[in-house]
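Report on the following structure.
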Amino acid sequence: MYGRRGTLHRTSGRQCPVSKLQCDALLSLAHAGLFAAKWSADIEREWTASRLEKYPGTEQANANKARAMCEAIPDCMVTGYEDFMRCLTLPDPDDRHVLAAAIVGHADAIVTNNVKDFPLEALTPHDIDLQTPDQFIVNQLTLHPPRAIKALREMRLRWNNPKHTPESLVVLFEQRGMPLTAVRLSESVGIL
């Protein structure tokens with residue numbers, strides 16, 4: 001588990017959706033028990049709406065993915081955060097649900113690419129950190145090297161379309177905007 005509490009996993013936002021690779025890597029690390037991934041129904045609605053906008057006609061696929069995510073991480077859903085939203089101030093008021101869920105879910109960090117809308121002065125009073133998926137995955141690789149590499153190797157081996165070699169997975173992380181993870185994984189390509 002990351003830190004002493006959990007980590008609010010924001011799988012998507014309106015401006016900066018997390019890629020399938022980022023999402024799968026984060027969920028693989030959580031499923032391996034390296035941290036407690038948390039999200040809310042509002043966050044789930046955001047990513048499904050974002051995905052539906054990008055890929056029309058994917059309602060059933062989105063529902064299946066959301067269900068699979070909850071089955072893989074059974075205690076993921078944060079509830080009861082709605083009343084805290086009106087007490088919070090963020091640059092984008094539509095993001096208050098994320099911070100409220102992080103507070104109620106006892107998260108140590110919010111993992112998102114949308115860093116501009118979560119200033120430190122809004123997070124620090126709640127002892128919540130902000131990390132990009134790239135930073136967070138590298139932190140897991142640093143804190144739990146064998147278990148994190150094993151989780152990412154198992155993720156790679158699950159993929160069939162297309163299959164990836166350890167080297168091609170490193171390249172994919174680089175292409176998907178996670179250069180820190182790519183560099184860190186290139187050091188372990190022999191066991192990835």
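This chain uses plain numbering: 1 for the first residue, then up along the sequence.
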Taking the side chain as everything from C-beta on, heavy atoms only, tell me whether [X] gets closer than 4.5 Å to [Y].
X: Arg67; Y: Cys70; result: no
X: Asp117; Y: Leu90; result: no
X: Leu123; Y: Leu99; result: yes
X: Ser168; Y: Lys163; result: no
X: Pro133; Y: Leu26; result: yes
X: His106; Y: Ile128; result: no
X: Ile73; Y: Trp39; result: yes

Exercise. Quick one: do Ile149 and Val138 end up in the same hydrophobic cluster if we chain Ile, Leu, Val, Met, Phe, Trp and Tyr together by side-chain heavy atoms under 4.5 Å apart?
Worked result: no
For this session: Treat each ILVMFWY residue as a node, draw an edge where side-chain heavy atoms are under 4.5 Å apart, and state whether Met178 and Trp159 are in one component.
Result: yes
Examine distances only and state if a side-chain atom of [X] and a backbone atom of [Y] form a donor-acceptor pair shorter than 3.5 Å.
X: Thr58; Y: Ala61; answer: no
X: Lys38; Y: Asp75; answer: yes
X: Thr124; Y: Glu121; answer: no
X: Arg156; Y: Leu192; answer: yes
X: Arg147; Y: Ala32; answer: yes
X: Arg153; Y: Ile191; answer: yes

For this session: For Glu154, enumerate each residue passing the salt bridge (Lys or Arg N to Asp or Glu O under 4.0 Å) test, keeping only those at least two apart in sequence or located in another chain.
Result: Lys150
Exercise. By salt bridge (Lys or Arg N to Asp or Glu O under 4.0 Å), which residues pair with Arg158, not counting sequence neighbours?
Worked result: Asp24
Problem set entry | Any side-chain donor near an acceptor of the partner, Tyr81 and Asp42, under 3.5 Å | yes
Problem set entry | Between Gln135 and Asn139: side-chain donor-acceptor atoms closer than 3.5 Å | no
Let me confirm one number: the [atom1]-[atom2] distance from [X] to [Y], rounded to the nearest 0.5 Å.
X: Glu71; Y: Asn64; atom1: CD; atom2: CG; result: 9.5 Å
X: Glu46; Y: Asn114; atom1: CD; atom2: CG; result: 8.5 Å
X: Leu169; Y: His164; atom1: CG; atom2: NE2; result: 7.0 Å
X: Leu152; Y: Phe173; atom1: CG; atom2: CZ; result: 5.5 Å
X: Leu29; Y: Gln140; atom1: CG; atom2: CD; result: 6.0 Å
X: Leu21; Y: Ile137; atom1: CG; atom2: CD1; result: 7.0 Å

Work out which heavy atom in [X] is nearest to a heavy atom in [Y]; give both atom names and the distance.
X: Phe84; Y: Ala100; answer: CB-CB, 3.9 Å
X: Thr79; Y: Val104; answer: O-CG1, 3.4 Å
X: Val78; Y: Ala101; answer: CG1-O, 3.4 Å

For this session: Evaluate the criterion side-chain contact (heavy atoms from CB on, under 4.5 Å) for residue pair Glu44 and Met77; output intermediate values, then yes/no.
Result: CA-CA 9 Å; Glu44 190 173 278; Met77 279 296 182; 3.1 Å; yes
For this session: May I have the step-by-step check of side-chain hydrogen bond (donor to acceptor under 3.5 Å, both in side chains) for Glu82 and His97, ending in yes or no?
Result: CA-CA 7 Å; Glu82 296 83 2; His97 69 93; over 6 Å; no
Exercise. NE2 of His31: more than 12 outside heavy atoms within 6.0 angstrom?
Worked result: no
Problem set entry | Chi angles and distances behind the side-chain contact (heavy atoms from CB on, under 4.5 Å) call for Asp108, Asp129 | CA-CA 6 Å; Asp108 283 316; Asp129 191 19; over 6 Å; no
Problem set entry | Residue pair Asn62, Leu52: steps toward the side-chain contact (heavy atoms from CB on, under 4.5 Å) verdict | CA-CA 8 Å; Asn62 293 341; Leu52 186 58; 4.0 Å; yes
Tabulate below the donor-acceptor pairs under 3.5 Å that side-chain atoms of residues 179-190 make, not counting sequence neighbours, or state none.
residue	atom	partner	partner atom	Å
Thr181	OG1	Asp134	O	3.4
Thr181	OG1	Asp134	OD1	2.6
Arg184	NH2	Leu141	O	2.9
Ser186	OG	Val183	O	2.6

